[in-house]
Protein chains: 2
Amino acid sequence: MPARVDHEERRRQIAEALLRIADAQGLQSASMRAVATEAGVSLRLVQYYFTTKEELLLDALARLGGQLESRMKRWIRAAGSPPTPRSIVTALLSCMVPTDQESRRIVRTYSAYYALVLDAPEVLEKHGTTPPILLEAFVAERIRTAQQAGEADAARDPEIAAAGLLAMVNGLGSSVLGGQRDGDSALAILTHHLDELFNPR
Amino acid sequence: MPARVDHEERRRQIAEALLRIADAQGLQSASMRAVATEAGVSLRLVQYYFTTKEELLLDALARLGGQLESRMKRWIRAAGSPPTPRSIVTALLSCMVPTDQESRRIVRTYSAYYALVLDAPEVLEKHGTTPPILLEAFVAERIRTAQQAGEADAARDPEIAAAGLLAMVNGLGSSVLGGQRDGDSALAILTHHLDELFNPR
DNA sequence: ATGTATATGATACATCTGTATCATGGCAGT
DNA sequence: ACTGCCATGATACAGATGTATCATATACAT
């Protein structure tokens, strides 16, 4: 039945199968064969659309980034209109705490990739998106704006506060996924710190 | 040449070989054979002293925990005498930021284990030590003490502040290992937040 | 002195992994 | 209607991995 086929669609189908496996059983279990089976295609096809496994992993990672980005936009949009610096930062950070199924999935999969990259730093070079630093600058900028409006503690350094918050979100995610804390309490901890930052006393 | 041999010593030798490999090339590369070679023994011996790989992994993890604990004690001791709540908390958290070779090693190896546990949560049950929660309570208690002495912001909830700091340290470690930041700037971010907590205004 | 438990070596096995090769059915352009 | 390229299938290959088996030399208890 080989008619001309939509390559992008096929790649999407396969890469998402990879992400599904990574979520359910870990990246380690995402072998070419497992991905093929999960995607309902033959091993050959996985090889056909992604010549090498590294290519597949990187493509799936980019898609994961896209999913996180669209989640963040969705949360920011839902945070209120008109958006305030505080609501934006709150939404941005809160949506990265594993409280619902989607965030758990995203955070868990990112963690798996993180571990992978730790021992193959060269792979990271080929990955276009570099979100963390951009995110930090973005958050810092909102904090600065809030400070100028008298809506945030003016004594804080915006860059440092932003970096600290991002790191905290990251760490909270780890503890939730590690089972040491549930998502709600992690969110409460984050919210508490946001209240402190955004409540000028 | 088989004389009666010190089992504990042999186990230590092998487990530490595992940790060395995990540090240098990642836990993934720590196969039984690789560990045997690194430890300078035969594959059979690794099997002899640790029947199964899981047993080896858990034993090495316990030793890693011991190394972290002794590092923490060392740092706390070096933090000044007599120790103040602030110096204790500062030392405890600072020594987990990957600034020197030992902390990088420890944090990196813990990260590798973390990824491993994400997909095999049942393994975690067999692991005796559960440091993170205890650490949190310990830090919270020092904060409370400092508050009572007027040496810390009394408006903060000690438990929440402690949890936030621990998460931040964790997240900072990840970003350093991920190459997005160097150890010194991570430490600066942590220190800044500690200053805020411990400087009643 | 002898036998038995201990410590170690050599090697085999089954499985999984990523990748490569060979083959073939069908559509498109001419 | 033929030809060549696109999409896909079946299968092979080489290497790694965890674990198991068989053998054996030594040291100690008796």
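Just so you know, these numbers come straight off a predicted model, no measurement behind them. Labels below follow one simple rule: chain letters A, B, ... track the order of the sequence lines, proteins then strands, and each chain is numbered from 1.
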Exercise for the section: Could you tell me whether the phosphate oxygens of D:dT8, OP1 or OP2, come under 4.0 Å of any side-chain nitrogen or oxygen in A:S42? Expected result: no
Problem - Nearest non-hydrogen partners of A:A60 and A:Y113, listed with the distance - result: CB-OH, 3.4 Å
Completion exercise
Under a 4.0 Å heavy-atom criterion, the protein footprint on nucleotides 14-20 of chain D, written with B, S and -, is ---BBBB
Exercise for the section: Return yes if a side-chain donor-acceptor contact under 3.5 Å exists between B:Q101 and B:R104, otherwise no. Expected result: no
Practice task
Could you check how far OH of B:Y48 sits from P of C:dA10, rounded to whole Å?
Solution key: 17 Å
Handout entry: D:dT8 phosphate, OP1 or OP2, under 4.0 Å from A:Y49 side-chain N/O
Key = yes
Handout entry: DNA chain C contacts among residues 13-24 of chain A, heavy-atom distance under 4.0 Å
Key = none
Handout entry: For B:V97 against B:G183, the heavy-atom pair lying closest together
Key = CG1-O, 4.0 Å
Practice task
Applying salt bridge (Lys or Arg N to Asp or Glu O under 4.0 Å), run through B:E38 and B:R20 and close with a yes or a no.
Solution key: CA-CA 8 Å; B:E38 171 72 26; B:R20 248 176 286 134; 2.4 Å; yes
Handout entry: Side-chain donor-acceptor contact under 3.5 Å, B:Q147 with B:R144
Key = no
Problem - C:dA7 OP1/OP2 closer than 4.0 Å to side-chain N/O of B:R10 - result: no
Exercise for the section: Identify whether NZ of Lys or CZ of Arg in A:R108 sits under 6.0 Å from the centre of the six-membered ring of A:Y110 and within 45° of that ring's axis. Expected result: no
Exercise for the section: May I ask you to verify if any side-chain N or O of A:H7 is less than 4.0 angstrom from the OP1 or OP2 atom of D:dC6? Expected result: no
Exercise for the section: Check the pair B:R71, B:M96 against side-chain contact (heavy atoms from CB on, under 4.5 Å), reporting the backbone distance first and the verdict last. Expected result: CA-CA 9 Å; B:R71 179 182 167 91; B:M96 298 176 68; over 6 Å; no
Fill in the blank from the handout: When rounded to the nearest 0.5 Å, the distance separating CG of B:D59 from CG of B:L64 is 11.5 Å
